[in-house]
Student: 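After the structure tokens below, expect a handful of questions from me.
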Amino acid sequence: MAVVIEREMAITWEDFQRILPTAAGQCPFTVGRRTAIVEFQPGEQFSVTLGPTRQRRIALLSLPATPTSIEYHGEQTARFKAFLERFDRYFQRGGG
């Protein structure tokens, strides 16, 4: 079963690589060309692919805007959802 989530993240590829080790926790991961693969266990993994980063401007504020695709391959969707919540917390930006 594959689950695909498309979103836009306010992050650059360099920032993503810096935060990923903490966000992945104990799960092993590999990093390729703008893609990271995190493995829960053999045969159960998800990949995060970042597209080209552009700048989003709001008045004088400029933020990175990167299209992101998260694809999960595995059967334990509850485990993936729990991990995705952790992943989102580590990549969350400030706000209300």
Student: What heavy-atom pair brings Pro67 and Pro52 nearest, and what distance separates the two atoms?
Tutor: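 Nearest heavy atoms, Pro67 then Pro52: CD-O, 3.3 Å.
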Student: What's the spacing between Leu63 CG and Arg54 CZ if we round to 0.5 Å?
Tutor: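 Leu63 CG to Arg54 CZ: 10.5 Å, rounded to 0.5 Å.
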Student: Can you pull the side chain to side chain donor-acceptor pair (under 3.5 Å) pairs that have at least one residue in residues 26-35, sequence neighbours excluded?
Tutor: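 Side chain to side chain donor-acceptor pair (under 3.5 Å) check on residues 26-35 returns Arg34-Thr53, Thr35-Thr49.
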Student: About how many Å separate CG of Leu84 and CD1 of Ile5, when rounded to the nearest 0.5 Å?
Tutor: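 So the CD1 of Ile5 and the CG of Leu84 are separated by 4.5 Å.
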Student: Phe46 pairs by ring pair (Phe, Tyr, Trp, His ring centres under 6.0 Å) with which of Phe29, Tyr72, Phe80?
Tutor: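 Of the listed options, the one satisfying the test is Phe80.
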Student: Where is the tightest heavy-atom contact between Ser62 and Gln55, given as atom of each residue plus distance?
Tutor: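 Distance-wise, the nearest heavy atoms are OG-OE1, 2.8 Å.
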Student: If we only count heavy atoms from C-beta on, is the Ile70 to Phe87 side-chain gap below 4.5 Å?
Tutor: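 A side-chain contact exists here, since the closest heavy-atom pair is under 4.5 Å.
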Student: Give every donor-acceptor pair under 3.5 Å between a side-chain atom in residues 13-24 and any protein atom, sequence neighbours left out.
Tutor:
residue	atom	partner	partner atom	Å
Asp15	OD1	Arg18	NH2	3.4
Asp15	OD2	Thr12	OG1	3.4

Student: So do the side chains of Ile37 and Ser47 get within less than 4.5 Å of each other, counting heavy atoms only?
Tutor: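 Yes, their side chains come closer than 4.5 Å.
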Student: Quick one: name the residues clustered hydrophobically with Leu60, using the 4.5 Å side-chain heavy-atom rule over I, L, V, M, F, W, Y, and just say none if it's on its own.
Tutor: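 Members alongside Leu60: none; it stands by itself.
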Student: Could you tell me the separation between the CD atom of Glu44 and the CD atom of Glu39, rounded to the nearest 0.5 Å?
Tutor: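 CD of Glu39 is found 9.0 Å from CD of Glu44.
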